[in-house]
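Below is one structure; the comments refer to it alone.
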Protein chains: 2
Amino acid sequence: MRSGQPTINDVARLAGVSKKTVSRVINRSPLLGPDTRAQVEAVIGQLGYVPNPQARALALRRNFLVGLVHDNANAQTVMSVQRGMLEGLRGTEFEMVVRPLDRDAATMSADLRHFLERQRLHGVLLLPPISEDDAVAALCAELGCRYVRMGSAPLDDAARSVASDDRAAVRSAVAFLIEQGHRRIGLIAGPPGFRSGTERRLGFEDALADAGLAVAEELVAPGRYTFASGLEAAERLLDRVPRPTAIFACNDEMAAGVIHAAHDRGLAVPRDLSVVGFDDTPTAAQAWPPLTTVRWPVVDMARAAARKLIATPDAPDEPALFPSALVQRRSVSIPAA
Amino acid sequence: MRSGQPTINDVARLAGVSKKTVSRVINRSPLLGPDTRAQVEAVIGQLGYVPNPQARALALRRNFLVGLVHDNANAQTVMSVQRGMLEGLRGTEFEMVVRPLDRDAATMSADLRHFLERQRLHGVLLLPPISEDDAVAALCAELGCRYVRMGSAPLDDAARSVASDDRAAVRSAVAFLIEQGHRRIGLIAGPPGFRSGTERRLGFEDALADAGLAVAEELVAPGRYTFASGLEAAERLLDRVPRPTAIFACNDEMAAGVIHAAHDRGLAVPRDLSVVGFDDTPTAAQAWPPLTTVRWPVVDMARAAARKLIATPDAPDEPALFPSALVQRRSVSIPAA
DNA sequence: TTGTACGCGTTATCAT
DNA sequence: ATGATAACGCGTACAA
């Protein structure tokens, strides 16, 4: 302990045992004399010794780092995910590293491989839409990196997946709109290639089918999950005659765009148009009027995902499926006569 | 290279040189035969060799990790910072680890120390408000960890600081309001203990003084940088008689709250009330009406900060002061007669 | 200009 | 149950 931290050698010397014994104490080896353990633990406490993560990483060929790999997702969502992961990691020796990826780059797969090979992370959480790519998961597996995929529907076995049931959630959200008396309901879809978009659209269709309603293609507009695309889609939808009395947007950003578009043409929400979003990001609460939306339990999923990533074989299982719920605010009312 | 990555030894063997020579090539040592270098580089390329960061970290007692340390900041801001940092780090061997801290926890300082001691980061970016704490900077220095402090005014020497000039920025924003004809201008202040709050308030007072106007204490309300606090403060301000014709809120979240409050009592923005925010987060563009605000160049600051953190002595200096600018949207107009 | 020997702090192997 | 010794992959004295 000449300078800086005490090392395992210092502990071993002071405790009068070998390095390996100290290592066993740290790693909770079952085969250890109780007195030895107590003795070593005392010295550890007294010295304030903490194992050096770099040395461990080298010896174990595995870092005490958990990665968040995402591409292009919504900023609010990414922040919530980070919050959840850090909650799941709190009190452990793991840290979180964040790695955005450019899905459009031809080198995306190579970038990820390079990252994983070099950093030797303990595990990674894959966010949608990249989590939906089986090749990416296969790459993680090939490189011996644990992973958990987050999605709008289960993407893998329970140990490697956290998911919501977006289809069911949207189904009941749109059912709520129908209960309120809406019959002409517009849909702003998600971008192609997003599983969440597919699931949410299916939920929309389910609800209409449940009520014996047909899906009017003229009331379905494509979106890209951005505010601007929501605004644009809403303008198209609001041009239809007769106008839809309600619009379900596949995420809150687009729903905010819908509210914006309605205001722009002097339509009052919800009097002239009811709006429902999805995600329950802060955007939803801060829109005017506050947006009725479906809560996507992203913090809970991320927390569970982190725990799955660092779980030891004996740890209790974390849930893999998380319930969504309709958050009723003020953007929905009975349609005007 | 029996399994997995090739190591420095594999390169040395294949190139017919010693480890150390390879090491010199990697680290760009000046004293090296050109042929040797070319030869080694060829083998490196052929093998696809990349140095193992864990081993380097152990030997160098320093990680190729750059940390983002923040507490309690706005989610949008944190995301922008991450984006900027990752841009600054792109193409380098550095990764970003994110570390939130709870400023209210009594153990905050100990937590940070523990984190820095263990992880041996190459450097950390400190976000406000924690960046304003000199004790935190001193702690980094003591532990031999490079740091850069981000702030609303320079907090350290140019090599360790990235800053905007919020005072000047707000001064000209409020001057713009006065030019439009506003005389009763409300202020929603930032929370106590935030340098940004102080600076922005000073800028507000500057502008009023420039125009020969007095600061009416009844038109100043405290805020906590949250949407809810902005809404609350706006309600208080809008109760004043006569009503203010404009409100400057010290950040966009609170300004969104102001718009919300105005709508709630049937006031049109900007006809009945002009609103200006600060930060230029997505919130501002998505409010209705779109919010006139001051752009806080957070991405640029973060990018520069990252470059400062990983700069070698010969690298060109990154700027330390970043200009803000008023972003004019639709929440400001001439006051109604 | 290049190579040898060793240290960084930990875990793993194989003894006892 | 515990210990000696060898990895792990790279950097640095110091020597050549």
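Keep in mind that this is a model prediction, so the values were computed, not measured. Protein chains get the first letters and strands the later ones, always in sequence-line order, with residue 1 at the start of each.
Within 4.0 Å of A/Phe64, counting heavy atoms only, lies no atom of the nucleic acid at all. Backbone-only engagement by A/Leu60 is indicated by non-hydrogen atom pairs under 4.0 Å involving sugar-phosphate atoms exclusively.
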Would you list the protein and nucleotides 1-5 of chain D atom pairs, both N or O, that sit under 3.5 Å from each other?
unit_1: D/dT2; atom_1: OP1; unit_2: A/Thr36; atom_2: OG1; d: 2.4
unit_1: D/dT2; atom_1: OP2; unit_2: A/Gly33; atom_2: N; d: 2.7
unit_1: D/dT2; atom_1: OP2; unit_2: A/Thr36; atom_2: OG1; d: 3.2
unit_1: D/dT2; atom_1: O4; unit_2: A/Arg24; atom_2: NH2; d: 3.4
unit_1: D/dG3; atom_1: OP2; unit_2: A/Ser18; atom_2: N; d: 3.0
unit_1: D/dG3; atom_1: OP2; unit_2: A/Ser18; atom_2: OG; d: 3.3
unit_1: D/dG3; atom_1: OP2; unit_2: A/Thr21; atom_2: OG1; d: 2.4
unit_1: D/dG3; atom_1: O6; unit_2: A/Arg24; atom_2: NH2; d: 2.9

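Between A/Arg120 atom CZ and C/dT11 atom C1' there is a gap of 14 Å when expressed in whole angstrom units. If you take CZ of B/Arg13 and C1' of C/dG3, they are 16 Å apart, rounded to a whole angstrom. The distance between atom CZ of A/Arg61 and atom P of D/dC10, rounded to the nearest whole Å, is 12 Å. In this structure, B/Arg62 places its CZ atom 15 Å from P of C/dG9, rounding to the nearest Å. Whole-Å rounding puts the A/Asp10 CG to C/dG9 C1' distance at 10 Å. When rounded to the nearest whole Å, the span between CD of A/Gln54 and C1' of D/dG11 equals 15 Å. Whole-Å rounding puts the B/Asn63 CG to D/dG11 P distance at 13 Å. Atom pair B/Glu93:CD and D/dG11:C1' shows a separation of 14 Å (rounding to whole Å applied).
Partners of A/Glu41 under the salt bridge (Lys or Arg N to Asp or Glu O under 4.0 Å) rule, at least two apart in sequence or in another chain, do not exist in this structure.
For the pair A/Gln54 (side chain) and B/Gln119 (backbone), a donor-acceptor distance under 3.5 Å is present. A donor-acceptor pair is defined here as one N or O able to donate and one able to accept, closer than 3.5 Å; no such pair exists between the side chain of B/Asp133 and the backbone of B/Ile130. At distances below 3.5 Å, not a single donor-acceptor pair connects side-chain atoms of A/Glu318 with backbone N or O atoms of A/Arg307.
In this structure, B/Asn27 reaches the D/dG11 phosphate: one of its side-chain N or O atoms is under 4.0 Å from OP1 or OP2. An OP1 or OP2 oxygen of C/dC8 is reached within less than 4.0 angstrom by no side-chain nitrogen or oxygen of A/Asn52. Phosphate proximity of C/dT11 to A/Arg56: present, with a side-chain N or O under 4.0 Å from OP1 or OP2. Side-chain N/O atoms of B/Ser23 include none lying less than 4.0 angstrom from OP1 or OP2 on D/dC10.
Here the CE atom belonging to B/Met85 is positioned 8.5 Å from the CD atom belonging to B/Gln82, to the nearest 0.5 angstrom.
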*A/Met96 vs A/Leu125, side chain to side chain contact (heavy atoms under 4.5 Å, CB included): CA-CA, chis, key distance, verdict*: CA-CA 10 Å; A/Met96 178 183 77; A/Leu125 172 55; over 6 Å; no

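Applying the salt bridge (charged side-chain N to carboxylate O under 4.0 Å, His left out) definition to pairs two or more places apart or across chains, those involving residues 71-93 of chain B are B/Arg56-B/Glu93, B/Asp71-B/Arg103, B/Glu87-B/Arg303. Contacts classified as ring pair (Phe, Tyr, Trp, His ring centres under 6.0 Å) and involving residues 299-321 of chain B (residues at least two apart or in different chains) are not found.
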For a quick test of your reading: what N or O donor-acceptor pairs under 3.5 Å do the side chains of residues 142-155 of chain A make, sequence neighbours left out?
unit_1: A/Glu142; atom_1: OE1; unit_2: A/Arg113; atom_2: NH2; d: 3.4
unit_1: A/Glu142; atom_1: OE2; unit_2: A/Arg113; atom_2: NH1; d: 3.4
unit_1: A/Glu142; atom_1: OE2; unit_2: A/Arg113; atom_2: NH2; d: 3.1
unit_1: A/Arg146; atom_1: NE; unit_2: A/Leu309; atom_2: O; d: 3.3
unit_1: A/Arg146; atom_1: NH1; unit_2: A/Ala311; atom_2: O; d: 3.2
unit_1: A/Arg146; atom_1: NH2; unit_2: A/Lys308; atom_2: O; d: 3.2
unit_1: A/Arg146; atom_1: NH2; unit_2: A/Ala311; atom_2: O; d: 3.1
unit_1: A/Tyr147; atom_1: OH; unit_2: A/Asp156; atom_2: OD2; d: 3.1
unit_1: A/Tyr147; atom_1: OH; unit_2: A/Arg160; atom_2: NH1; d: 3.3
unit_1: A/Arg149; atom_1: NE; unit_2: A/Ser131; atom_2: O; d: 2.7
unit_1: A/Arg149; atom_1: NH1; unit_2: A/Asp134; atom_2: OD1; d: 3.4
unit_1: A/Arg149; atom_1: NH1; unit_2: A/Leu155; atom_2: O; d: 3.3
unit_1: A/Arg149; atom_1: NH1; unit_2: A/Asp156; atom_2: OD2; d: 3.0
unit_1: A/Arg149; atom_1: NH2; unit_2: A/Ser131; atom_2: O; d: 3.0
unit_1: A/Arg149; atom_1: NH2; unit_2: A/Asp134; atom_2: OD1; d: 2.7
unit_1: A/Ser152; atom_1: OG; unit_2: A/Asp166; atom_2: OD2; d: 2.6

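The B/Leu58 side chain lies nearest to C/dG9 when the options are D/dC10, C/dG9, D/dG11.
If one axis is set at each end of the helix from C/dT1-D/dA16 to C/dT16-D/dA1 from five pairs, those axes are 30° apart, to 10°.
Note: A/Phe64 and A/His122 have tilted aromatic rings, judged against thresholds of 30 and 60 degrees for the angle between ring planes.
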